[in-house]
2 protein chains.
Amino acid sequence: MAKRAIPDIVIGRLPVYLRALNFLVAEGRQVTSSQELGDRLGISSAQIRKDLSHFGEFGKQGTGYDIAFLRQQLSEILKVNRMWDVALVGAGNLGKAIADYPGFVGKGFNIIAIFDNDPAKIGQIMGINHVTVQPVEELERTLRERGIVVGIIATPAEHAQAIARTMVEGGVKAILNYAPITIMVPPGVHVQYIDPVVGLQRMTYYLA
Amino acid sequence: MAKRAIPDIVIGRLPVYLRALNFLVAEGRQVTSSQELGDRLGISSAQIRKDLSHFGEFGKQGTGYDIAFLRQQLSEILKVNRMWDVALVGAGNLGKAIADYPGFVGKGFNIIAIFDNDPAKIGQIMGINHVTVQPVEELERTLRERGIVVGIIATPAEHAQAIARTMVEGGVKAILNYAPITIMVPPGVHVQYIDPVVGLQRMTYYLA
DNA sequence: TAGATTGTTAATCGATTAACAATC
DNA sequence: TAGATTGTTAATCGATTAACAATC
């Protein structure tokens, strides 16, 4: 009998909880409550308690949650208490900014390979890990050889679907897609989108 | 009697529909159906029809939707059939990549002011609109003077809340926040988040 | 202890889907 | 016309919330 799957929407909130806990740690705080977290995140305390209850009992009645402990637990649940090797495709302005972004450090991700199709880019050393840009023809083989299962797409929209396909063939199971296009992948492969235009357009509806 | 508000979750999908329609136009297509759109986006055709039905009748039985027409209608609904002036705060690596990003062109947004607190950055000319970076002290006044209601935060996390507050005081009603922290804003101010770490951590749970 | 807060239940609320009459 | 697809209804499904016993 399979355990009932935990809803995607619950999984989706855990990284946000984790981010808030990191911030509280940085503030030097020791203990928090579902009420305080909810106030900070703009969601109800009941929802936070319910979400956490899918995974176990992490708090103490009357006291709340030990911040460091809950952070550790959430890291384990999300499997980010270890490092995931990441391949980045696209070494243009956007790809370079991603490779240089310091925010991945300590969050479970490490960009260890970068690919581009522009001869001028290939061979350049890029990003906080000083990775040499490889030709995109080497993508699939490199993914396999290094056992990489997480990919980031930072190419123009017209190449995103083809790159996604190659990534999947190379064994990638999770894709962060910065290209402004919905990509199709087989079942079992996960995709998340980063599209600032979508973010902005979600708000203009409400403006005068 | 107030019209029943359209659910946020419906509004949130419209930019994704719009993105798909833009892609179909680029492919030279004229007509599509809820079925085809749904297949491309990985959602049900019924949901697309239901979502659109909140706003009117845009299709023809037996035929489907005229792509250019539906695109125009969605642009109007989302109020992106005009240009929104945008202020960007943070002119570091990330801010520079945002200012240089060509994807805002033709999507309703125009970065017309950039701010930073680093004297080395102030005075630099940056981005596809060749904007001169201003000191952050001028943020609130500039927002007011130019009637800017859309802001982008690309500062380190520790400054994001203060910048958000200044933006709100300057009249901003929609904030796209790249800083990895949840910010608190008054009712009526909208926030969307761009956090690649959250995107990646939402997927690792499902990996082996 | 008294006060606070959890974890959980049951009720409410809202979103999605299936199905089909209408009609192009 | 015959075939296709919309817009909409009602049913289903799932998520959120309120409330509170348990207990630190």
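To find a chain, count down the sequence lines: A is the first, B the second, and so on, and within it residues start at 1.
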Inset, instruction - State whether a side-chain donor-acceptor pair under 3.5 Å links A:D51 with A:Q47. - result: no
Inset, instruction - Can you sort out which residues in residues 10-29 of chain B have a heavy atom within less than 4.0 Å of DNA chain D? Ascending by number, please. - result: none
Legend entry - Atom-pair distance (CG on A:D8; C1' on C:dA15), nearest Å: 15 Å
Inset, instruction - Mind calculating the distance between CD (B:E36) and C1' (D:dA4) to the nearest angstrom? - result: 14 Å
Legend entry - Whole-Å distance separating the CG atom of B:L70 from the P atom of D:dT6: 11 Å
Legend entry - Heavy-atom closest contact (A:I183 atom, A:Y193 atom, distance): N-OH, 3.0 Å
Inset, instruction - Starting at atom CD of B:Q47, determine the distance to atom C1' of D:dT12, rounded to an integer number of angstrom. - result: 15 Å
Legend entry - B:L41 CG - C:dT16 C1' separation (whole Å): 16 Å
Legend entry - Closest contact, heavy atoms only, A:G90 versus A:D116: C-OD2, 3.7 Å
Inset, instruction - Would you tell me if any nitrogen or oxygen in the side chain of A:S34 comes within less than 4.0 Å of OP1 or OP2 on C:dT5? - result: no
Inset, instruction - With sequence neighbours left out, write down each residue that passes salt bridge (Lys or Arg N to Asp or Glu O under 4.0 Å) with A:K96, or none if nothing qualifies. - result: A:D100
Please write out each protein N/O paired with an N/O of nucleotides 18-20 of chain D under 3.5 Å, distance rounded to 0.1 Å.
unit_1	atom_1	unit_2	atom_2	d
D:dA19	N6	A:R49	NH2	3.2

Inset, instruction - Measure across A:A99 and A:I111 and return the closest heavy-atom pair with its distance rounded to 0.1 Å. - result: CA-CD1, 4.2 Å
Inset, instruction - Go through the side-chain N and O atoms of A:R40 and B:T182 and say whether any donor and acceptor fall under 3.5 Å apart. - result: no
Legend entry - Residues that A:R165 engages under salt bridge (Lys or Arg N to Asp or Glu O under 4.0 Å), provided they are two or more places apart: none
Legend entry - Length of the CD-P vector between A:Q35 and D:dT17, whole Å: 13 Å
Legend entry - Stem regions touching DNA chain D, defined by at least 3 consecutive Watson-Crick or wobble G-U pairs below 3.5 angstrom: C:3-24 with D:3-24
Inset, instruction - May I ask you to say whether B:R146 pairs ionically with B:D85, meaning some side-chain N is under 4.0 Å from a carboxylate O? - result: no
Inset, instruction - Return the orientation label for the B:F55 and A:Y205 ring planes: parallel under 30°, perpendicular over 60°, tilted otherwise. - result: perpendicular
Legend entry - Considering all heavy atoms, the nearest A:L200-B:F109 contact: CB-CZ, 3.3 Å
Inset, instruction - Find the distance A:L52:CG to D:dT16:C1' and express it as a whole number of Å. - result: 15 Å
Legend entry - Between CE on residue A:M126 and NZ on residue A:K121, distance to nearest 0.5 Å: 7.0 Å
Legend entry - Rounded distance (nearest 0.5 Å) linking atom OG1 of B:T204 with atom CD of B:Q201: 6.0 Å
Inset, instruction - May I ask you to say what A:S45 touches in the nucleic acid, namely base, sugar-phosphate or nothing, with a heavy-atom cut-off under 4.0 Å? - result: nothing
Inset, instruction - Tell me, yes or no, whether the heavy-atom count around A:Q30 atom CD, taken from other residues, nucleotides or ligands under 6.0 Å, exceeds 12. - result: no
Legend entry - B:I128 side, atom CD1; B:Y101 side, atom OH - distance, nearest 0.5 Å: 10.5 Å
Inset, instruction - Measure the distance from CD1 on A:I6 to P on D:dA15 and round it to the nearest whole Å. - result: 12 Å
Inset, instruction - May I ask you to list the residues of residues 54-66 of chain B, by number, that have any heavy atom positioned under 4.0 Å from an atom of DNA chain D? - result: B:E57, B:F58, B:G59, B:K60, B:Q61, B:G62, B:T63, B:G64, B:Y65
